[in-house]
Amino acid sequence: MTTLPDLKAFDLAGSDVTVWVFRTSPGKDGKPRFSGRWVGITEELAGRLKEAVGGALGVITEVIEYDVLEQNNEGSALTIQSDETYVHLIAAEVANETPGRKARNAKDLGNSKFCIIKFVRDDKAMLAVSKTDTSWSTRKTTGVIRAVFSDNELDVEEAPVFTIRPTFDFFVFGERIFIKSKPNFESVLVYKAGHEQAFTTLKQEAKFLALFSDLGPLDEFVGSNKIQLRRAIAIQTKGHYKDETFMARLQAECKNMSLNIAFDDQGRIVPTAETCRDIFQALLNHRLESRLDSKFYDVPSTAPVA
């Protein structure tokens, strides 16, 4: 398996560099459609990009396995298998570096959703991906008078300027993705759409459906909110709702744990707009008691410590 040391050991200085820009649109099969073009760059820009990526990789000191509720910090990166995402569709695009795919003018770059810096050395490729900012949007530049400061005065700048952030959102190397910005990673690879489909599947699961008298309030509670979608998928992954002993204890202990959850005569949970949050906390097993002060606390994670 590709590790962080493997990623850091990649020879950036000796690699060939190509810049790709991508637009995204919905596909007919439910998968996103990624349309990419590669851009010619100068040796000076290639050198600056190598330095920027090297600097961005240098601050990563640890990796955390990706989870829908997991978060990384400044010195860490989340990591996930490439085949769990749509990144293979992007990789297929950047492997097709033909003259017909080359950007010919600024219009080919405008309104791009993200850009990729592709580094190739000894038949190995590493991709540094960055979501584009408003400088790539034609709507933000139309009607604007651009000026550049030169020779102690401002002059009109006709050439469009595109900004590449030196932080980068995620890196693709081997079979792994190393993620610095979780929100941008999920946005670029349309991960939220996958969560919405997974939640739809969860609501159709017989075991989950049988827990509730009515799924309507839960459905409205989650909606398209990416945080609640992540929590719903975490509930599915943990699978506590499939454990009859767990659910029996929940019904018996919910009042003692100050969980605002009601059950009907058949033992089903009766969700309301006011109780959905507590229902999710319970099914995630995120309300735990401290042995130090005998109080209950809502926690962000239940990773075992021993």
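Contact of the Leu259 side chain with the Leu250 side chain is registered, since non-hydrogen atoms from C-beta on lie closer than 4.5 Å. Using a 4.5 Å heavy-atom threshold, the side chains of Ile269 and Ile261 count as touching. Two residues are said to be in side-chain contact when any heavy atoms from C-beta on lie closer than 4.5 Å; Ile90 and Leu189 meet this criterion. For the pair Tyr241/Gln236, a side-chain contact is recorded, criterion being any heavy-atom separation below 4.5 Å from C-beta on. Between Leu7 and Met126, some side-chain heavy-atom pair lies under the 4.5 Å cut-off. Side-chain atoms of Phe185 and Leu78, non-hydrogen and from C-beta on, never get closer than 4.5 Å to each other. Taking the side chain as every heavy atom from C-beta outward, Lys238 and Asn285 never approach each other to under 4.5 Å. You'll find the side chain of Phe221 reaches within 4.5 Å of the side chain of Gln228, heavy atoms only.
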| request: Evaluate the side-chain hydrogen bond (donor to acceptor under 3.5 Å, both in side chains) criterion for residues Asp6 and Thr3: first the C-alpha distance (whole Å), next the side-chain angles of each, then the deciding distance (0.1 Å), finally the verdict. | output: CA-CA 5 Å; Asp6 294 332; Thr3 64; 3.0 Å; yes

| message | Determine whether Lys113 and Ser187 satisfy the following criterion, side chain to side chain contact (heavy atoms under 4.5 Å, CB included), listing intermediate values before the conclusion. | response | CA-CA 9 Å; Lys113 183 174 182 179; Ser187 174; 3.7 Å; yes

| said: Between Gln281 and Arg231, does the side-chain hydrogen bond (donor to acceptor under 3.5 Å, both in side chains) criterion hold? Intermediate values first, please. | reply: CA-CA 9 Å; Gln281 288 297 104; Arg231 289 163 62 83; 2.6 Å; yes

| request: Show your reasoning for whether side chain to side chain contact (heavy atoms under 4.5 Å, CB included) applies to Phe212 and Ile279. | output: CA-CA 11 Å; Phe212 305 98; Ile279 292 169; 4.0 Å; yes

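For Phe22 and Phe114, the distance between ring centers is under 6.0 angstrom.
Shown here for Leu89 and Phe34, the closest heavy-atom pair between the two residues is CB-CD1, 3.8 Å. Between Lys50 and Ala13 the shortest heavy-atom distance is NZ-O, 3.1 Å. A pairwise comparison of heavy atoms in Val53 and Ala128 identifies CG2-CB, 3.9 Å as the closest pair. The minimum heavy-atom distance linking Pro217 with Cys276 is given by the pair O-SG, 3.6 Å. For Pro271 against Ser213, the heavy-atom pair with the smallest separation is CD-OG, 3.9 Å.
A salt bridge does not link Arg23 to Glu93: none of the charged side-chain nitrogens sits closer than 4.0 Å to a carboxylate oxygen. A salt bridge links Asp298 with Arg287: at least one charged nitrogen is closer than 4.0 Å to a carboxylate oxygen. Checked for salt-bridge contact, Arg268 and Asp264 meet the test: a charged N lies under 4.0 Å from a carboxylate O.
No donor-acceptor distance shorter than 3.5 angstrom exists from the side chain of Trp38 to the backbone of Pro99, with no hydrogens or angles considered. Side-chain N or O atoms of Ser130 include none that pairs as donor or acceptor with a backbone N or O of Phe168 at under 3.5 Å. Between the side chain of Asp278 and the backbone N or O of Asn260 there is at least one donor-acceptor pair closer than 3.5 Å. Lys180 places a side-chain N or O within 3.5 Å of a backbone atom of Glu74 that can act as its donor or acceptor partner. Between the side chain of Thr132 and the backbone N or O of Ser112 there is at least one donor-acceptor pair closer than 3.5 Å.
By the rule that hydrophobic residues join a cluster once side-chain heavy atoms approach within less than 4.5 Å of another member, Leu284 and Leu215 end up as members of one cluster. Met247 and Val270 fall into different hydrophobic clusters, where Ile, Leu, Val, Met, Phe, Trp and Tyr residues are linked whenever their side-chain heavy atoms come under 4.5 Å apart, directly or through other members. Hydrophobic clustering places Val172 together with Ile64 (ILVMFWY residues linked when any side-chain heavy atoms are closer than 4.5 Å, directly or through intermediates). Note on Leu202: it clusters hydrophobically with Leu209, by side-chain heavy-atom contacts below 4.5 Å among ILVMFWY residues. Under the 4.5 Å side-chain heavy-atom criterion for Ile, Leu, Val, Met, Phe, Trp and Tyr, Ile177 and Val120 are members of distinct hydrophobic clusters.
Within a 6.0 Å sphere centred on NZ of Lys124, heavy atoms belonging to other residues, nucleotides or ligands number 12 at most. For Glu220, the CD atom counts as loosely surrounded, since its 6.0 Å shell holds 12 or fewer non-hydrogen atoms of other residues, nucleotides or ligands. Within 6.0 Å of atom CD in Glu175, more than 12 heavy atoms from other residues, nucleotides or ligands are found, so the atom counts as buried in its surroundings. At most 12 non-hydrogen atoms from other residues, nucleotides or ligands lie less than 6.0 angstrom from CD of Glu244.
Taking the ring axis of Phe173 as reference, the NZ or CZ atom of Lys8 does not stay both within 45° of it and closer than 6.0 Å to the ring centre.
If you run ring-ring contact (aromatic ring centres under 6.0 Å, His included) between His240 and each of Phe246, Phe280, Phe208, only Phe246 comes through.
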